[in-house]
Amino acid sequence: MSSQAQVIKTRLPSPPPALPVLLATVHDAVNELKAKDVVEIDVRGKSSVADFLIIASGTSTRHVKSIADEVVKFAKKLDVMPLGVEGEREAEWVLVDLGDVIVHVMLPRVREFYALERLWTVGDQPPEEQE
């Protein structure tokens, strides 16, 4: 018994939207569904995968999934189809890859455990002076 492979259509518009426009759209999407503790991290020069990470928390798995879905919906308005969406089934941590911007929507306990903010901002702050 053979089954057809599922084809997922992914593409970036040509030309893609300006980075500030894409970032503003993502912020509009997460704010629309009242995501908690939204953080934007500039990873240019630290990663060749993306320019910015947006990290946000949801209050439940349903809220996390809804926020991620809203990000996809808002991105489609810019003619941007996500390159990938991961974690929707469990919805404790959903990643939406929009090319230059990667969105992480997480439950607070998952966000605290993985501490992506600390991981990506190590060395950004000057060392604290010791007395």
Side-chain angles (χ1 to χ4, degrees):
M1 182 190 261
S2 65
S3 63
Q4 294 257 339
Q6 183 177 2
V7 176
I8 300 172
K9 296 180 181 178
T10 60
R11 64 182 173 80
L12 289 174
S14 181
L19 189 54
V21 172
L22 184 56
L23 283 169
T25 299
V26 170
H27 280 287
D28 289 347
V30 296
N31 290 332
E32 180 77 17
L33 289 184
K34 299 182 177 21
K36 307 290 184 197
D37 304 319
V38 180
V39 175
E40 177 181 302
I41 302 173
D42 184 344
V43 294
R44 292 176 288 193
K46 295 180 184 178
S47 173
S48 60
V49 175
D51 290 338
F52 285 89
L53 301 179
I54 304 290
I55 304 171
S57 294
T59 57
S60 65
T61 55
R62 180 172 289 173
H63 190 212
V64 167
K65 183 169 180 350
S66 295
I67 294 167
D69 289 345
E70 195 76 356
V71 168
V72 171
K73 185 172 103 179
F74 274 54
K76 286 181 179 179
K77 290 179 185 177
L78 292 178
D79 201 26
V80 174
M81 295 296 290
L83 301 175
V85 178
E86 299 292 332
E88 286 183 296
R89 177 172 281 157
E90 297 80 17
E92 292 184 350
W93 177 358
V94 180
L95 180 146
V96 181
D97 185 348
L98 299 173
D100 290 336
V101 178
I102 297 176
V103 183
H104 298 270
V105 187
M106 312 164 98
L107 289 175
R109 66 178 169 76
V110 175
R111 185 171 177 175
E112 184 180 337
F113 181 80
Y114 287 101
L116 293 182
E117 292 97 327
R118 279 183 279 158
L119 176 71
W120 285 101
T121 58
V122 168
D124 286 354
Q125 296 82 22
E128 294 179 18
E129 292 185 25
Q130 303 224 349
E131 294 181 16

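Any value given below was found using the heavy atoms of this structure, including those in side chains, with hydrogens, waters and symmetry copies removed. Predicted model, so just to flag it, every value in this text is computed and none were measured.
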Legend entry - From CD (Glu88) to CD (Glu86), nearest 0.5 Å: 8.5 Å

Legend entry - Short side-chain to backbone donor-acceptor contact, Lys36 and Thr59, under 3.5 Å: no

Inset, instruction - Taking the side chain as every heavy atom from C-beta outward, state whether Lys76 and Met81 have any pair of such atoms under 4.5 Å apart. - result: yes

Legend entry - Straight-line distance of Leu53 CG to Ile41 CD1, nearest 0.5 Å: 5.5 Å

Inset, instruction - Please identify each residue that fulfils salt bridge (charged side-chain N to carboxylate O under 4.0 Å, His left out) with Asp69, with sequence neighbours left out. - result: Lys65

Inset, instruction - Look up atom OG1 in Thr61 and atom CD in Glu90, then write down how far apart they are to the nearest 0.5 Å. - result: 10.0 Å

Atom pairs and distances, donor-acceptor, side-chain atoms in residues 112-119, under 3.5 Å, two or more places apart:
unit_1 : atom_1 : unit_2 : atom_2 : d
Glu117 : OE2    : Arg111 : NE     : 2.7
Glu117 : OE2    : Arg111 : NH2    : 2.4

Legend entry - Validation row: Val105, Val96 side chains within 4.5 angstrom (heavy atoms): no

Inset, instruction - Working to the nearest 0.5 Å, report the span between CD1 of Ile54 and CD1 of Ile102. - result: 11.0 Å

Run the side-chain donor-acceptor check on residues 22-35: report pairs under 3.5 Å with partners two or more places apart or on a different chain.
unit_1 : atom_1 : unit_2 : atom_2 : d
Thr25  : OG1    : Val21  : O      : 2.8
His27  : NE2    : Glu40  : OE1    : 2.7
Asn31  : ND2    : His27  : O      : 3.0

Legend entry - Distance-minimising heavy-atom pair for Gly58 and Ile67: CA-CD1, 4.0 Å

Legend entry - Least distance between heavy atoms, Leu107 atom then Ala91 atom: CG-O, 4.4 Å

Legend entry - ring-ring contact (aromatic ring centres under 6.0 Å, His included) contacts touching residues 46-92 (sequence neighbours left out): none

Legend entry - Side chain to side chain, Val64 and Glu92, heavy atoms closer than 4.5 Å: no

Inset, instruction - Could you pull out all residues at least two apart from Arg89 that satisfy side chain to side chain contact (heavy atoms under 4.5 Å, CB included)? - result: none

Legend entry - Considering all heavy atoms, the nearest Ala50-Gly99 contact: CB-O, 3.7 Å

Inset, instruction - Could you check if a side-chain atom of Leu19 sits within less than 4.5 angstrom of a side-chain atom of Val101, using non-hydrogen atoms only? - result: yes

Legend entry - Residue pair Pro82 / Val85: nearest heavy atoms and the distance that separates them: CB-CG2, 3.9 Å

Legend entry - Lys73: salt bridge (charged side-chain N to carboxylate O under 4.0 Å, His left out) partners, not counting sequence neighbours: Glu70

